[in-house]
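Single-structure report; data block below.
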Amino acid sequence: MQRILIVEDEQDIADLIGFNLKRAGYEVMAAYDGIEGSNIALKERPDLIVLDLMLPGRDGYAVFRELRRDSRTVDIPVIMLTARAQTEDRIQGLEAGADDYLTKPFSPKELLLRIQAILKRSEAPPGMVDFTCGPFRFDKNALKFYLDGEPAELTNTEFKLMLFLCERFGKAQDRNELLRTIWGYSDAAHSRTLDTHMKRLRQKITPHGAWIETVRGVGYRLAKPQE
Ligand code: CA
């Protein structure tokens with residue numbers, strides 16, 4: 001039986017999550033503050049952790065950093081829970097390396113689906129592991145791209161570009177760096193190529209084209225659009 005640790009100080013949310021996960025066949029542990037959360041995680045080494053960011057004692061980021069620094073917990077997948085207004089939290093959470101995040105209020109079913117997806121992914125043999133960023137998913141082995149869970153056609157170049165941006169989520173990427181990495185060269189003559197590809201890529205990832213931001217004077221960045 002797979003074991004899930006819920007670190008959440010709001011008792012009714014913790015209970016609701018716990019109830020649904022137990023019903024889905026998971027063993028559930030709960031901690032109601034950050035320090036207890038760290039301690040249980042290190043001692044019990046659950047298969048997955050649902051980690052609220054706003055916690056008394058030690059906030060979710062601090063707990064997350066501690067778990068990532070410790071060899072006993074470094075590989076445990078973490079889903080972060082954030083409050084709706086905290087867009088920065090979500091970006092920081094993904095940059096810090098959380099496997100996923102959910103914004104409150106969320107449905108227990110949504111959380112269950114995310115948990116199942118992550119646990120399935122971490123069961124896959126090495127090399128099969130794919131990469132997910134917001135609505136985008138990459139199967140690096142098969143070079144397949146999925147948009148909102150549905151297969152979508154990208155050329156190899158578009159796939160490489162998109163993956164490069166997603167793996168550097170939230171950080172602006174320099175035009176020349178993009179050209180060098182994807183095409184192997186960077187000179188003014190090929191600058192247009194980059195813009196043409198980006199334009200096409202934005203169209204292909206409709207309705208999520210706004211995730212690719214133009215950063216004036218720098219290049220491009222992948223980020224979740226402001227709601
Ligand atoms: Ca909280």
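Because the structure is predicted, anything quoted here is derived from the model rather than measured. Note that ligands are numbered from 1 as they come in the structure, with each ligand's atoms numbered from 1 the same way.
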Legend entry - Whichever hydrophobic residues join V218 through chains of side-chain contacts under 4.5 Å: V215
Legend entry - N-O pairing of D148 and R137 below 4.0 Å: no
Inset, instruction - Over all heavy atoms of both residues, which pair between Y220 and T214 is shortest? Give the atoms and the distance, please. - result: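 Minimum heavy-atom contact is CE2-OG1, 3.6 Å.
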Inset, instruction - Please lay out, stage by stage, how I212 and M162 fare under the test side chain to side chain contact (heavy atoms under 4.5 Å, CB included). - result: CA-CA 9 Å; I212 300 178; M162 195 63 198; 4.2 Å; yes
Under 3.5 Å, which donor-acceptor pairs do the side chains of residues 12-25 form with other protein atoms, sequence neighbours left out?
{"residue": "N20", "atom": "OD1", "partner": "R23", "partner atom": "NH2", "Å": "3.1"}
{"residue": "N20", "atom": "ND2", "partner": "L16", "partner atom": "O", "Å": "2.8"}

Distance-only donor-acceptor pairs under 3.5 Å for side chains of residues 35-44, two or more places apart:
{"residue": "E36", "atom": "OE1", "partner": "Y32", "partner atom": "N", "Å": "2.9"}
{"residue": "S38", "atom": "OG", "partner": "G34", "partner atom": "O", "Å": "3.4"}
{"residue": "S38", "atom": "OG", "partner": "R58", "partner atom": "NH1", "Å": "3.1"}
{"residue": "S38", "atom": "OG", "partner": "E66", "partner atom": "OE1", "Å": "2.9"}
{"residue": "N39", "atom": "ND2", "partner": "I35", "partner atom": "O", "Å": "3.4"}
{"residue": "E44", "atom": "OE1", "partner": "R3", "partner atom": "NH2", "Å": "2.9"}

Legend entry - 3.0 Å cut-off (strict), protein N, O or S atoms about the Ca ion (ligand 1): 3
